[in-house]
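Everything on this sheet refers to the single structure shown next.
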Amino acid sequence: PVRPPFRDEHSESKAMPSKLLVAAPVLGGIFASGLVVHEDRLAEIEAIRATSGVSWRAAAHPRFAASPPGVVKSLCGVKIGWMEQLQAAVARGEVRRFQSTANAYLPEEFDSATNWPQCKKILTDIRDQSNCGC
């Protein structure tokens, strides 16, 4: 049986601390903590771990472990049919394609909070909006 990858305040038990997973070795798709990891996600994790020169250690997060890679696209703002919708908007003249110029000035660094100090609180207050319904 596959355990749910994430438990929130409405579940029967508390969420599993992510610290447990960082140090837990993988044993055939199941972390030592008992977390079941989707086989495709496990393959990605193992490929990253086998890559030389990587300065970080890949691990499955309990919230997404049992799900295949790509399931979080909608949480990143990617919606089904976005490319077709964008192309249709361009064809209707509602959206214009960006034409870059090779001589455009780009600063070496940019900090939104410094550039717009009146918005600093909003810009630096990062919240988890992963299931906001967007």
Side-chain angles (χ1 to χ4, degrees):
V2 176
R3 289 185 355 191
F6 176 75
R7 296 178 182 187
D8 60 16
E9 64 275 8
H10 304 292
S11 299
E12 67 276 359
S13 65
K14 300 286 184 197
M16 183 182 303
S18 57
K19 286 182 183 177
L20 221 125
L21 296 177
V22 174
V26 177
L27 305 169
I30 301 177
F31 275 78
S33 63
L35 183 71
V36 176
V37 180
H38 188 279
E39 64 182 280
D40 294 341
R41 186 171 301 279
L42 181 61
E44 285 186 347
I45 291 168
E46 290 173 345
I48 293 167
R49 288 181 176 180
T51 303
S52 64
V54 176
S55 61
W56 53 279
R57 184 158 172 83
H61 188 278
R63 183 172 182 184
F64 306 110
S67 303
V71 75
V72 298
K73 282 184 179 180
S74 65
L75 303 179
C76 299
V78 178
K79 303 198 184 286
I80 296 173
W82 70 271
M83 181 63 83
E84 294 79 11
Q85 292 174 9
L86 179 58
Q87 289 171 341
V90 169
R92 291 189 303 267
E94 297 171 2
V95 175
R96 290 183 302 162
R97 291 190 185 275
F98 174 74
Q99 300 295 323
S100 65
T101 61
N103 297 325
Y105 169 76
L106 296 175
E108 288 295 317
E109 59 182 58
F110 183 82
D111 182 358
S112 299
T114 302
N115 194 61
W116 298 295
Q118 71 278 16
C119 301
K120 184 176 181 173
K121 172 71 174 125
I122 296 168
L123 295 169
T124 58
D125 188 16
I126 300 170
R127 300 174 185 225
D128 180 1
Q129 298 178 353
S130 59
N131 282 325
C132 69
C134 295

Interatomic distance, CH2@Trp116 vs CG@Leu123, rounded to 0.5 Å, equals 7.5 Å
Interatomic distance, CD@Glu44 vs NE2@His38, rounded to 0.5 Å, equals 10.5 Å
For Asp40 and Pro69 the tightest heavy-atom approach is CB-CD, 3.6 Å
So CD of Glu46 and CZ of Arg41: to nearest 0.5 Å the spacing works out to 13.5 Å
Considering only heavy atoms from C-beta outward, does the side chain of Glu109 approach that of Thr114 to under 4.5 Å? no
- prompt: More than 12 non-hydrogen atoms from neighbouring residues, nucleotides or ligands closer than 6.0 Å to CZ on Arg96, yes or no?
  reply: no
Between the CD atom in Glu94 and the CG atom in Leu86, the distance rounded to the nearest 0.5 Å is 10.5 Å
Spell out, yes or no, whether Ile48 and Val37 are grouped together once hydrophobic residues are joined by side-chain heavy atoms under 4.5 Å, including indirect joins.
no
Between Ala60 and Leu35 the two heavy atoms that sit nearest each other are O-CD2, 4.1 Å
- Linking I/L/V/M/F/W/Y whenever any side-chain heavy atoms sit under 4.5 Å apart, do Trp56 and Ile45 land together? no
Rounded to the nearest 0.5 Å, the CD atom of Gln118 sits from the NZ atom of Lys120 at a distance of 12.0 Å
(message) Main chain of Val54, side chain of Arg49: is a donor-acceptor contact present, judged purely on distance under 3.5 Å?
(response) no
